[in-house]
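Remember, it's a predicted structure, so these values are computed and weren't measured experimentally. Just so we're on the same page: letters track the sequence lines, and every chain starts at 1.
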Number of protein chains: 2
Amino acid sequence: MIQNLTEHDRENLQESLAKSGQKVTPQREVVFAVLLSKRDHPTVDEVFQRARESMPGLSLATVYNCLETFVGCGLVRQVNHERESTRYCPNLAPHAHFRDAATGRVHDIELPPAILQSLRSILPPGFDSEAIEISFLGRAQGGDAHPTL
Amino acid sequence: MIQNLTEHDRENLQESLAKSGQKVTPQREVVFAVLLSKRDHPTVDEVFQRARESMPGLSLATVYNCLETFVGCGLVRQVNHERESTRYCPNLAPHAHFRDAATGRVHDIELPPAILQSLRSILPPGFDSEAIEISFLGRAQGGDAHPTL
DNA sequence: AGTGAGATTTTGAATCATTCTAAACAGGGA
DNA sequence: TCCCTGTTTAGAATGATTCAAAATCTCACT
């Protein structure tokens with residue numbers, strides 16, 4: 001069972017929602033509490049299951065709504081920005097991707113080995129990485145970074 | 001219309017497939033050619049549309065198969081590893097994610113500001129990034145990086 | 001207490017990418 | 001030729017997410 005929000009967390013929720021002109025609702029409180037009480041990067045469905053324990057009538061759509069709202073006002077992060085169709089590229093050199101928020105286009109960004117190295121070094125001992133994925137989200141003024149390679 | 005593979009590209013295809021005991025087929029040639037001829041990170045459906053121009057009978061399932069095969073033998077990269085359900089986390093501090101391939105669990109990895117800075121610096125002029133997403137895929141020996149925060 | 005506007009929630013249907021299944025097919029030995 | 005195995009195909013099935021419309025709630029104003 002999910003415990004209630006602390007005074008501090010409720011205030012935080014209240015303020016963040018207020019900034020985008022939205023209100024605290026019982027559903028939002030429960031969903032937020034779920035997120036805070038077990039920080040294991042739950043899926044929407046997991047949040048739904050857990051939240052239902054304290055609010056049985058809660059609907060899945062509401063969980064989607066709440067999460068979208070939270071992400072919108074910066075209370076919560078989405079682990080997987082890129083939920084559109086998978087894309088493929090034959091560029092095998094290590095590189096990052098830049099998704100232009102305006103056009104949806106994806107550009108390759110060259111990745112210096114030094115950076116790759118320093119990234120690997122931030123992993124705590126015991127963590128072995130096979131692949132690193134780096135993607136920027138933003139806006140590109142000009143044309144292509146790597147026109148067509 | 002997609003041009004044929006160059007001698008060199010066909011050899012590359014042939015060898016890579018051979019390594020995992022697979023064969024070159026007309027369908028695979030076409031799909032590979034599509035990938036090489038316009039490097040704009042197409043979705044499966046875009047690949048399908050383009051490939052159909054030179055091979056009208058081609059089926060969508062085959063495109064999925066080919067792409068999976070190519071990724072499997074390292075010929076092609078998938079831009080979006082994480083195609084499972086979206087996950088959410090209330091950790092707003094800048095951090096990377098580490099997905100344990102064995103358990104599917106996602107761990108937070110602290111991200112030193114210096115690294116974030118150097119990452120931003122690799123963007124060519126004109127590219128303005130609002131968000132950076134970094135995720136490792138690999139195996140974790142021990143327990144959690146950030147047990148429950 | 002009553003009314004109305006607007007936001008929020010609910011239910012269930014719809015969408016869309018992806019995967020699965022089963023049948024047809026292709027090609028290379030025995 | 002006949003089988004064996006890998007590949008392709010069409011269409012059904014799955015699963016996450018979104019949408020639409022009706023019901024409900026909140027709160028300001030009366």
Checklist outcome for this item: B/Leu58 atom CG is separated from C/dC25 atom C1', nearest whole Å, by 15 Å

Item to check | Atom-to-atom span, CG of B/Leu67 to C1' of C/dA17 - whole angstrom | outcome: 13 Å

Next on the checklist: What contact category does B/Gly57 fall into here, base, sugar-phosphate, or nothing, at under 4.0 angstrom with non-hydrogen atoms?
Outcome noted: sugar-phosphate

Next on the checklist: Within the 4.5 Å heavy-atom criterion, are B/Gln22 and B/Arg28 side-chain neighbours or not?
Outcome noted: yes

Checklist entry - Please give, in whole Å, the distance from C/dG27 P to B/Gln22 CD? => result 17 Å

Checklist entry - Using 30° and 60° as the class limits, which term best fits the ring planes of A/His95 and B/His41: parallel, tilted or perpendicular? => result tilted

Checklist entry - Where the side chain of A/Tyr64 is concerned, which of D/dT9, D/dT18, C/dT11 is the nearest nucleotide? => result D/dT18

Item to check | B/Leu137 side chain near A/Ile132 side chain, heavy-atom distance below 4.5 Å | outcome: no

Next on the checklist: Does a side-chain N or O of A/Gln27 approach OP1 or OP2 of C/dT10 to a distance below 4.0 Å, or not?
Outcome noted: yes

Checklist entry - Please give, in whole Å, the distance from D/dC25 P to A/Arg28 CZ? => result 16 Å

Checklist entry - Which comes earlier along DNA chain C counting from the 5' end, the contact point of B/Lys23 or that of B/Glu68, where each point is its nearest nucleotide? => result B/Glu68

Next on the checklist: Quick check for you: among D/dT8, C/dT10, C/dT18, whose closest atom lies nearest to any side-chain atom of B/Leu60?
Outcome noted: C/dT18

Checklist entry - Using a cut-off of 4.0 Å on non-hydrogen atoms, how would the nucleic acid contact of A/Asn65 be classed: base, sugar-phosphate, or nothing? => result base

Checklist entry - In whole angstroms, how far is the P atom of D/dA16 from the CD atom of A/Gln49? => result 11 Å

Checklist outcome for this item: Separation of D/dT18 atom P from A/Phe48 atom CZ, nearest Å, is 16 Å

Checklist entry - In whole Å, what is the span from the CD atom of A/Gln78 to the P atom of D/dA16? => result 15 Å

Item to check | Any B/Ser59 side-chain nitrogen or oxygen under 4.0 Å from OP1 or OP2 of D/dT9 | outcome: yes

Checklist entry - Nearest of C/dT11, C/dT9, D/dT8 to any side-chain atom of B/Thr62? => result D/dT8

Checklist entry - Hey, does A/Thr25 reach any base, or is it just sugar-phosphate, or nothing, if we go heavy atoms under 4.0 Å? => result sugar-phosphate

Checklist outcome for this item: Taken in chain and number order and not counting sequence neighbours, the residues that satisfy salt bridge (charged side-chain N to carboxylate O under 4.0 Å, His left out) with A/Glu130 are B/Arg139

Item to check | Rounded interatomic separation in angstrom, taking OH from A/Tyr88 and P from C/dA17 | outcome: 13 Å

Item to check | Derivation of the side-chain hydrogen bond (donor to acceptor under 3.5 Å, both in side chains) call for A/Asn65 and A/Thr62 | outcome: CA-CA 5 Å; A/Asn65 288 342; A/Thr62 299; 5.0 Å; no

